[in-house]
Amino acid sequence: MNVLVTRPDARGQELVELLNQQQIFALHQPLFSLEAGRELPILPSLFSQLNVGDYVFAVSKNAIDFACNTLAETGFKFRRDLQYFSVGIRTASYFAEKSEQAVKFPIHFENSEGVLELPEMQALEGKNLVILRADSGRELLAQEAVKRGAMVQNVECYRRVLISEQLSEKISLAKRSGIDTIVITSGEILATLVELTANEDQSWLFECRVVVVGERIATLAKQYGWERDKIIVSQKADNQTLLDVLVNNKR
């Protein structure tokens, strides 16, 4: 097994190092870099305007990092009279550590669907819901929360910036390096990978196994052209779970 890790930032490099420790060859080739979001400056005033008991939802560790840094710079602390949520146990633990507040999360399904099943999310009439997120991503949580009566404010905490410089050549290098397994942690990464792989490398791409996070991205991979037996699903997005999935499917 030779693995291409497309996850951006330090977490992608960390996964490569974990794989190398297991004697699995891995390359880190992120498709995006991360930059501070345009709406970060509004966070302190937005938090101060929320009502007691309103909700704050963090989509990812990246959103948490950018939000926490901005609030720390302005001397603003996370309010104790708000309710905090995240998508999974590890992100929730990270959010709790950074915010020094209790963070709720779904136990069975670490995704937006799981969050929407929480008891607190059933009756949202009159609630304000702030979603700390990237410049793009799934809209399910926001859309469903609005249907249930919430007033939703998406906050762009960070932006994904396409690394376009020689990216198609770097993907071709991965092919020549014997890569046969690709780790994909978002639908946007999947779409970009397909779009930026040169025509002459497309057959190689669809012969690779893809390790994706969740059934939604697995369905997208099948729609793009991967055979179902080439798609391996990780139910969680943290590096330890991804490592376990890769080791268990080593060949």
Side-chain angles (χ1 to χ4, degrees), residues 5-17 28 30-106 110-112 115 120-121 124 127-139 141-142 145-146 150-165 185-186 188-189 213 237-240:
V5 177
T6 60
R7 162 167 266 173
D9 67 49
R11 287 188 296 157
Q13 184 58 44
E14 178 190 64
L15 180 56
V16 166
E17 292 169 0
H28 186 214
L31 307 187
F32 301 95
S33 61
L34 304 180
E35 295 183 357
R38 290 168 291 192
E39 295 174 335
L40 280 173
I42 73 171
L43 266 185
S45 62
L46 178 61
F47 269 69
S48 64
Q49 294 168 18
L50 292 175
N51 299 321
V52 172
D54 280 342
Y55 295 174
V56 178
F57 174 78
V59 169
S60 68
K61 288 184 178 180
N62 291 321
I64 293 166
D65 283 337
F66 281 102
C68 287
N69 289 341
T70 294
L71 293 176
E73 288 171 359
T74 58
F76 192 96
K77 293 185 178 296
F78 285 90
R79 288 171 49 180
R80 294 182 178 275
D81 57 357
L82 302 176
Q83 296 193 59
Y84 298 91
F85 299 83
S86 193
V87 73
I89 184 170
R90 287 179 172 81
T91 307
S93 177
Y94 189 74
F95 194 15
E97 177 187 348
K98 291 287 187 178
S99 65
E100 299 182 338
Q101 305 298 325
V103 179
K104 300 173 183 177
F105 61 92
E110 296 194 355
N111 51 28
S112 295
V115 172
E120 295 87 353
M121 298 296 293
L124 298 177
K127 286 285 186 183
N128 291 299
L129 176 59
V130 174
I131 302 178
L132 308 177
R133 53 172 281 176
D135 55 328
S136 61
R138 297 186 73 192
E139 302 297 337
L141 175 60
V146 169
M151 292 168 284
V152 177
Q153 173 75 58
N154 288 317
V155 179
E156 179 192 297
C157 294
Y158 67 100
R159 301 173 60 233
R160 302 183 183 97
V161 180
L162 181 66
I163 302 174
S164 57
E165 182 180 356
T185 52
S186 75
E188 188 173 11
I189 289 174
V213 177
D238 64 281
N239 278 343
Q240 187 58 54

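Every value quoted in this text rests on a predicted model; they were computed, and no experiment measured them. Residues take their numbers from the sequence shown, with the count starting at 1.
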- Item | side chain to side chain contact (heavy atoms under 4.5 Å, CB included) against A96, all qualifying residues, sequence neighbours excluded | V103
- Query: Hey, is CD1 on I89 packed in by over 12 heavy atoms from elsewhere, all under 6.0 Å?
  - Reply: no
- Task: Find the distance between CG (N154) and CD1 (I131) and round it off to the nearest 0.5 Å.
- Result: 4.5 Å
- For residues I163 and P30, report the shortest heavy-atom separation together with the two atoms involved. CD1-O, 3.7 Å
- Message: Check whether E39 reaches the backbone of E156 with its side chain - one donor and one acceptor, N or O, closer than 3.5 Å.
- Response: yes
- Atom of F76, atom of P44 and distance for their closest heavy-atom approach: CE1-O, 3.6 Å
- What are the two closest heavy atoms between S48 and S45, and how far apart are they? OG-O, 2.7 Å
- Find the distance between OG (S99) and CZ (R79) and round it off to the nearest 0.5 Å. 13.5 Å
- Please report the shortest heavy-atom distance between I189 and L31, naming the atom on each side. O-CD1, 3.5 Å
- Message: For V5 versus G12, what's the shortest heavy-atom pair and its separation?
- Response: CG1-O, 3.7 Å
- Query: Passes side chain to side chain donor-acceptor pair (under 3.5 Å), S86 versus Y94? Steps please.
  - Reply: CA-CA 10 Å; S86 193; Y94 189 74; over 6 Å; no
- Item | Student check: side-chain heavy atoms of R7 and L15 closer than 4.5 Å | no
- Query: Counting distance only, does the side-chain N/O of S93 pair as donor-acceptor with the main-chain N or O of R90 below 3.5 Å?
  - Reply: no
- Task: State, with a plain yes or no, whether a side-chain heavy atom of F47 is found less than 4.5 Å away from one of V56.
- Result: yes
- Keeping the roles fixed (side chain from N239, backbone from R11), state whether a donor-acceptor pair exists under 3.5 Å. yes
- Answer yes or no: is there a side-chain heavy-atom contact under 4.5 Å between L34 and R160? yes
- Find the distance between SG (C68) and NZ (K77) and round it off to the nearest 0.5 Å. 11.0 Å
- Item | Nearest-0.5 Å distance that lies between atom CZ in F57 and atom CZ in R133 | 10.0 Å
- Item | Any side-chain heavy-atom pair of I64 and L132 under 4.5 Å | no
- Task: For the residue pair L124 and Y55, establish whether any side-chain heavy-atom pair is separated by less than 4.5 Å.
- Result: yes
- Would you call N128 and Q153 a side-chain contact if the rule is heavy atoms closer than 4.5 Å? no
- Message: If I compare all heavy atoms of C157 with all of L40, which pair ends up nearest, and what's the gap?
- Response: O-CD1, 3.3 Å
- Task: Could you walk me through whether E17 and H28 pass the side-chain contact (heavy atoms from CB on, under 4.5 Å) test, one step at a time?
- Result: CA-CA 10 Å; E17 292 169 0; H28 186 214; over 6 Å; no
- Item | Side chain to side chain, V87 and L141, heavy atoms closer than 4.5 Å | no
- Query: Is T91 close to F105 at the side-chain level, that is, under 4.5 Å between some pair of heavy atoms?
  - Reply: no
- Item | Enclosure of K98 NZ (heavy-atom neighbours >12, cutoff 6.0 Å) | no
- Verify, without hydrogens or angle tests, whether T70 (side chain) and F66 (backbone) share a donor-acceptor contact under 3.5 angstrom. yes
- Item | Inter-residue atom distance L50.CG - K127.NZ, 0.5 Å rounding | 10.5 Å
- Item | Distance (rounded to the nearest 0.5 Å) between M121 CE and F85 CZ | 6.5 Å
- Message: Quick check against the 3.5 Å criterion: does Q101 have a side-chain atom that pairs as donor or acceptor with the backbone of F78?
- Response: yes
